[in-house]
Amino acid sequence: MENRAAIKKCPLFAGVTDQDLERLEEVCRRRDLHKGEVLFSQGEPAVGFYVVTDGKVKIYKLSPDGKERILHIVHGGESFAEAAIFADGLYPAFAESLSRATVLFFPKKDFLNLLKEHTQIPINMIAGLSRFLRQFATQIEDLTFKDVPARLARYLVELAGDEADTVQLPISKSQLASRLGTVSETLSRTLRKLSDDELIHVRGKDIDILDRDRLEDLAESTRESL
């Protein structure tokens, strides 16, 4: 994906003008990543933020005993670490490429100067940051009120969107387990249970949705109703 196309696709910059896109292109720097390359670590000074043009990047935290907890998987056209340049100036998590990837890096100083000159850009950024806040609020709600089958069902429903009957997992099953706040063994049992109940059919990373209505009902259920 070309630089301008990635910026234009990014929800953070929805609605900006062609002139703004040109200015944003001038500020950013393109960077190619190897699989497993760490862009930044938790607690490091936030020197800028990123937009993925190709590949995938995982955002995660580590527990005191070194266990990884995936917060988000960033795909092409999505941004990450933008909030860090406005808060205390530190990255709140780790970022690592899941595959060969290309990102656009927006240096903090240059970008903030651009915001001062062009007010439409920060207006759109507020909307983008609000979207991420809602996403993390939903994630916390799921971990609090939903069991693993309901969390998995919601993940599959959201991955499928409105039309798809088959989805392909964009991450490994161990990474998905971390994303759902569980362990690989529990995820495997849950996939088998949903298959036995004929809600889904698992073919490696490909998952056929056999009964969308029941899967959606499960996704909306809470511990109390299960």
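Throughout, residue positions are numbered sequentially from 1 according to the sequence presented.
- Using modelled atom types, one finds a donor on one side chain and an acceptor on the other under 3.5 Å when comparing Thr186 with Arg189.
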What donor-acceptor contacts under 3.5 angstrom involve side-chain atoms of residues 210-217, with partners at least two apart or in another chain?
{"from": "Asp211", "atom 1": "OD1", "to": "Asp213", "atom 2": "N", "distance (Å)": "3.4"}
{"from": "Asp211", "atom 1": "OD1", "to": "Arg214", "atom 2": "N", "distance (Å)": "3.2"}
{"from": "Arg212", "atom 1": "NH1", "to": "Gly161", "atom 2": "O", "distance (Å)": "3.0"}
{"from": "Arg212", "atom 1": "NH2", "to": "Ala164", "atom 2": "O", "distance (Å)": "2.7"}
{"from": "Arg214", "atom 1": "NH1", "to": "Asp197", "atom 2": "O", "distance (Å)": "3.1"}
{"from": "Arg214", "atom 1": "NH2", "to": "Asp197", "atom 2": "O", "distance (Å)": "3.1"}

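- Here the CG-CZ distance, from Leu194 to Arg192, works out to 11.5 Å after rounding to the nearest 0.5 Å.
- A salt bridge does not link Lys61 to Glu68: none of the charged side-chain nitrogens sits closer than 4.0 Å to a carboxylate oxygen.
- The main-chain N or O of Tyr155 is never found under 3.5 Å from a side-chain atom of Glu158 such that the two would form a donor-acceptor pair.
- Lys56 has its side chain out of reach of Ser97: every pair of non-hydrogen atoms, C-beta onward, lies at least 4.5 Å apart.
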Which side-chain N or O atoms in residues 99-115 pair as donor and acceptor under 3.5 Å with protein atoms at least two apart or in another chain?
{"from": "Thr102", "atom 1": "OG1", "to": "Asp32", "atom 2": "OD1", "distance (Å)": "2.9"}
{"from": "Asn113", "atom 1": "ND2", "to": "Lys109", "atom 2": "O", "distance (Å)": "3.3"}

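- Using a 4.5 Å cut-off between side-chain heavy atoms of Ile, Leu, Val, Met, Phe, Trp and Tyr, with links allowed through other members, Val183 and Ile70 fall into different hydrophobic clusters.
- With rounding to the nearest 0.5 angstrom, the OG atom of Ser195 is 11.5 Å from the CZ atom of Arg203.
- Of the possible polar contacts, one joining the Arg69 side chain to the Arg179 backbone as a donor-acceptor pair under 3.5 Å is found.
- The nearest pair of heavy atoms linking Val38 to Arg31 is O-NH2, 4.5 Å.
- With hydrogens and angles disregarded, no donor-acceptor distance shorter than 3.5 Å links the side chain of Thr53 to the backbone of Ala6.
- Remark: Tyr60 pairs with Phe94 by the ring-ring contact (aromatic ring centres under 6.0 Å, His included) rule, at least two apart or across chains.
- The 12-atom threshold is not exceeded at NZ of Lys35, counting heavy atoms of other residues, nucleotides or ligands nearer than 6.0 Å.
- A side-chain donor-acceptor contact under 3.5 Å links Ser79 and Glu82.
- Using a 4.0 Å cut-off between charged nitrogen and carboxylate oxygen, Glu25 and Lys8 do not count as a salt-bridge pair.
- Of the N and O atoms on the side chains of Ser172 and Gln175, at least one donor lies less than 3.5 Å from an acceptor on the other residue.
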